[in-house]
Amino acid sequence: MKKVLLLSAILGVLPLNSNAGMVSTTVHSRANCVNNESITWWLGHPYDWRVVSTHGNIYGRDRDHLIDTGYAVTWRQAAVHWNEAPLNDHRWFVSGYHYLSDYGNGRIPFDTTSVGDCSIYNGWWDH
């Protein structure tokens, strides 16, 4: 009986950790995941968002560059450089700048992310 209660308690907590982007805005960046990316999203809640993702190579062989989505009203804004980095290559780092258009106060940055790995955790359930 104690094992059943313990398992129920664990399973009851798991959905709280897996609600990224379902209960609030989620921002994250990932590097060296085949794609380098920075993403802002909240399922079913469109906002006027912009994401700027800067990508750098620690060896300096490839020029630092950025992907800028521009502003768009959407529930998911993703700045992705497709097929840029082999999985777990470890030479790329990514910084994400997440903006929200606030019509009374202009366009403001509301969060930043910075990573050097492919961890899905980076920002996914911080909010």
Side-chain angles (χ1 to χ4, degrees):
M1 182 66 171
K2 289 182 182 180
K3 288 182 181 179
V4 171
L5 288 174
L6 179 60
L7 182 59
S8 296
I10 291 170
L11 291 176
V13 172
L14 286 178
L16 294 175
N17 289 337
S18 62
N19 284 334
M22 307 271 183
V23 297
S24 66
T25 300
T26 299
V27 300
H28 74 275
S29 292
R30 294 193 304 164
N32 305 299
C33 293
V34 178
N35 304 325
N36 287 332
E37 63 189 23
S38 298
I39 299 174
T40 301
W41 66 288
W42 184 1
L43 184 63
H45 293 83
Y47 289 98
D48 196 3
W49 278 328
R50 173 185 179 199
V51 177
V52 177
S53 187
T54 61
H55 306 167
N57 184 309
I58 62 173
Y59 299 118
R61 292 187 187 131
D62 298 301
R63 209 178 80 200
D64 292 357
H65 59 278
L66 62 86
I67 309 283
D68 186 341
T69 64
Y71 281 93
V73 176
T74 181
W75 66 269
R76 181 179 181 272
Q77 191 68 293
V80 181
H81 191 154
W82 301 99
N83 298 314
E84 180 173 50
L87 183 62
N88 293 321
D89 188 41
H90 303 294
R91 70 179 139 165
W92 291 95
F93 56 91
V94 173
S95 295
Y97 302 91
H98 308 265
Y99 297 86
L100 175 64
S101 184
D102 179 352
Y103 297 106
N105 298 309
R107 295 176 169 176
I108 55 172
F110 71 91
D111 212 337
T112 60
T113 50
S114 185
V115 298
D117 63 23
C118 187
S119 173
I120 195 68
Y121 171 76
N122 295 315
W124 271 67
W125 45 80
D126 290 343
H127 302 284

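Summarising the geometry, atom CD1 belonging to I58 is positioned 10.5 Å from atom CH2 belonging to W92; distances are rounded to the nearest 0.5 Å. Remark: F110 CZ to S101 OG distance equals 12.0 Å, nearest 0.5 Å. From H90, atom NE2 reaches atom SG of C118 across 9.0 Å, with rounding to the nearest 0.5 Å. Atom CG in D117 sits 7.5 Å away from atom SG in C33 (nearest 0.5 Å).
With hydrophobic clusters built from ILVMFWY side chains whose heavy atoms lie under 4.5 angstrom apart, Y59 shares a cluster with F93.
Of all heavy-atom pairs between D64 and G56, the closest is OD1-CA, 3.2 Å. The two atoms that bring W41 and I39 nearest to each other are CD1-CG2, 3.8 Å, heavy atoms only. What you find for T113 and V27 is that their closest heavy atoms are CG2-CG2, 3.9 Å. Heavy atoms only, all atoms of each residue included: A78 and T69 are closest at O-CG2, 3.5 Å.
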Using the side-chain contact (heavy atoms from CB on, under 4.5 Å) rule, take T25 and W49 through it: C-alpha gap first, then chi angles, then the decisive distance, then the call. CA-CA 11 Å; T25 300; W49 278 328; 3.8 Å; yes
Evaluate the criterion side chain to side chain donor-acceptor pair (under 3.5 Å) for residue pair H28 and T26; output intermediate values, then yes/no. CA-CA 7 Å; H28 74 275; T26 299; over 6 Å; no
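Considering only heavy atoms from C-beta on, V94 stays 4.5 Å or farther from R30 through its side chain.
Side-chain N or O atoms of N36 include none that pairs as donor or acceptor with a backbone N or O of H81 at under 3.5 Å. N32 places a side-chain N or O within donor-acceptor distance of the main-chain N or O of G116, the cut-off being under 3.5 Å. For the pair N35 (side chain) and N83 (backbone), a donor-acceptor distance under 3.5 Å is present. A distance-only check finds no donor-acceptor pair linking the side chain of Q77 to the backbone of S38 [under 3.5 Å].
Relative orientation of the Y47 and W42 rings is parallel, given thresholds of 30° and 60° on the angle between their planes.
When the side chain to side chain donor-acceptor pair (under 3.5 Å) test is applied to T40, the partners found at least two apart in sequence or on another chain are H98. Partners of P86 under the side chain to side chain contact (heavy atoms under 4.5 Å, CB included) rule, at least two apart in sequence or in another chain, are D89, R91.
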